[in-house]
Amino acid sequence: MCLAIPGKIKSIEIQYGGMVRMAKVSFGGITKEASLEMLPDADVDDYVLVHVGVAISKVNEEEAQKTFKYLEEIGELGELEDVDEYLPKSE
Amino acid sequence: MKYMSEYRDPELAKKYLEEIKNTVSRPWSIMEVCGGQTHSLVKNGIIEMLPDKVTMIHGPGCPVCVTPLNLIDKAVYLAVEKGVILCSFGDMLRVPGSQKSLLEAKAEGADVRILYSPLEAVKIAEDNPHKEVVFFAVGFETTAPANALSVVHAHRRGVKNYSILASHVLVPPAIKAVIDDEESKIDGFLAAGHVCTIMGNTEYHPLSAAYKVPIVVTGFEPLDVLQGILMVIRQLEQSKSEVENQYARIVREEGNPDAQKVIDEVFEVRNQMWRGIGEIPESGYAVREKYADFDATKKYNVTIEEAPENPDCISGQIMKGIKKPFECSQFGKTCKPTNPLGAPMVSSEGACAAYYHFSGLVEA
Ligand code: SF4
């Protein structure tokens with residue numbers, strides 16, 4: 001139950017007279033509502049991590065590539081092949 | 001931009017495994033604190049692919065598993081005797097109490113509902129003004145902001161028939177308790193990425209420095225876990241003990257200040273009972289006096305005697321990494337996910353259930 005899933009913000013709606021910002025977030029096809037209370041800066045098209053109906057963090061694309069960069073580093077040390085093709089690509 | 005599939009690539013996982021093999025020179029024990037990481041390790045067969053010198057120890061990181069028996073009894077009491085609409089996350093329903101689980105209470109007619117988010121519980125309260133609604137609010141620091149937010153929403157919207165039965169557990173005090181336990185010998189930790197999303201990494205620096213252990217904040221995909229393991233091993237091999245962040249795509253050093261603010265608005269730190277482990281100082285959240293009207297424990301003043309744990313269940317030793325699920329005499333015999341004796345068999349993030357589901361993959 002502690003897991004959170006990254007999804008993309010499709011739209012944002014203000015409810016309860018401006019008190020609540022809710023987003024429609026798409027997780028590979030499935031769309032769910034998430035509160036943006038913890039992410040006041042989040043905007044449409046941002047990737048956010050959602051946990052029990054609340055968006056808790058924006059996903060940083062540059063950092064997302066580092067897991068693969070780390071492999072590349074290892075590659076240089078241990079003669080592994082190029083990992084460019086595995087890097088996350090923009091849609 | 002895709003964020004899942006690459007992190008599950010088996011070819012890349014092999015490269016990490018290869019590098020781990022090349023790096024490790026002597027035996028090390030590493031605890032993954034979070035049940036989500038246990039699940040990932042077991043499900044993807046990573047445990048058995050790691051070199052023999054690397055032993056993964058499964059930590060207390062499943063809030064469902066460590067929720068005290070007494071609180072489950074209280075939740076069942078509220079649902080059955082007080083007739084409230086009792087809501088919680090799905091996992092909680094099957095956890096055995098001393099008499100019955102919430103699922104059994106539901107089967108007997110109590111109004112027990114599974115929700116995806118605590119915010120839905122506030123809506124249920126608004127829609128049912130003549131009923132009382134209680135949300136059984138369990139979770140680590142990851143879940144605390146959502147649970148706190150439900151209280152803030154109810155307060156703002158003037159909802160009077162909503163309250164939470166809070167049972168939150170905090171990770172850094174648990175890591176400290178595990179290190180302090182003489183029986184557990186752990187060389188390094190994978191800290192739970194999603195907890196740090198909220199709280200940041202700052203709490204880990206004093207821990208890592210005081211106990212001279214590497215702590216690597218780690219994600220949950222197979223590549224995340226493998227990279228985290230490699231980062232811990234590299235530190236150990238170089239006699240380093242630092243806090244590193246493998247999961248920087250999600251976790252910032254300072255965490256999420258807006259989430260911390262909501263937690264602090266509603267909760268204060270208190271000593272907390274952990275099922276199977278006992279009381280850990282300053283390891284839980286209680287609802288602040290200011291929101292006492294939303295605190296089910298105060299609202300209903302439920303006093304229920306502490307009941308003894310099932311004596312056959314060794315879940316405490318499992319969660320501290322002293323024993324593996326296979327070493328429990330009940331594992332897979334009287335204790336199965338369909339009939340769990342202890343909480344680690346209930347949730348798919350519990351160590352016993354993770355081993356049970358994938359027991360074909362993991363050797364004793
Ligand atoms: S297998 Fe069942 S009885 Fe044994 S420790 Fe795990 S939960 Fe408890």
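What you see is a predicted model; the values in this text were computed from it and never measured.
- Contact annotation: the side chain of V52(A) approaches that of P118(B) to within less than 4.5 Å [non-hydrogen atoms, C-beta and beyond].
- In this structure, the separation between OH on Y47(A) and CZ on R249(B) is 13.5 Å, given to the nearest 0.5 Å.
- Scanning residues 26-35 of chain A against chain B with a 4.5 Å heavy-atom cutoff picks out K32(A), E33(A), S35(A), ordered by number.
- In this structure, chain A has heavy atoms under 4.5 Å from both the backbone and the side chain of I250(B).
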Could you give me the CA-CA distance, side-chain angles and deciding distance for R156(B) and E37(A), then say whether salt bridge (charged side-chain N to carboxylate O under 4.0 Å, His left out) is met? CA-CA 14 Å; R156(B) 277 188 202 157; E37(A) 184 103 5; 2.8 Å; yes
Could you go step by step and tell me if Y16(B) and T67(A) meet the side chain to side chain contact (heavy atoms under 4.5 Å, CB included) rule? CA-CA 10 Å; Y16(B) 270 121; T67(A) 300; 3.7 Å; yes
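- When all heavy atoms of E63(A) and A248(B) are compared, the pair lying nearest together is OE1-CB, 3.3 Å.
- From E141(B), atom CD reaches atom CD1 of I56(A) across 11.5 Å, with rounding to the nearest 0.5 Å.
- Among E120(B), R252(B), H153(B), the residue with the largest count of heavy-atom pairs under 4.5 Å with chain A is R252(B).
- Here the CG atom belonging to L36(A) is positioned 11.0 Å from the CG atom belonging to D258(B), to the nearest 0.5 angstrom.
- Here the CG atom belonging to N245(B) is positioned 9.5 Å from the NZ atom belonging to K66(A), to the nearest 0.5 angstrom.
- Between H39(B) and L3(A) the shortest side-chain heavy-atom distance does not fall below 4.5 Å.
- Atom NZ of K15(B) and atom CZ of F68(A) lie 11.5 Å apart (nearest 0.5 Å).
- Just one of N256(B), T197(B), V251(B) meets the side-chain contact (heavy atoms from CB on, under 4.5 Å) condition when paired with S57(A); it is T197(B).
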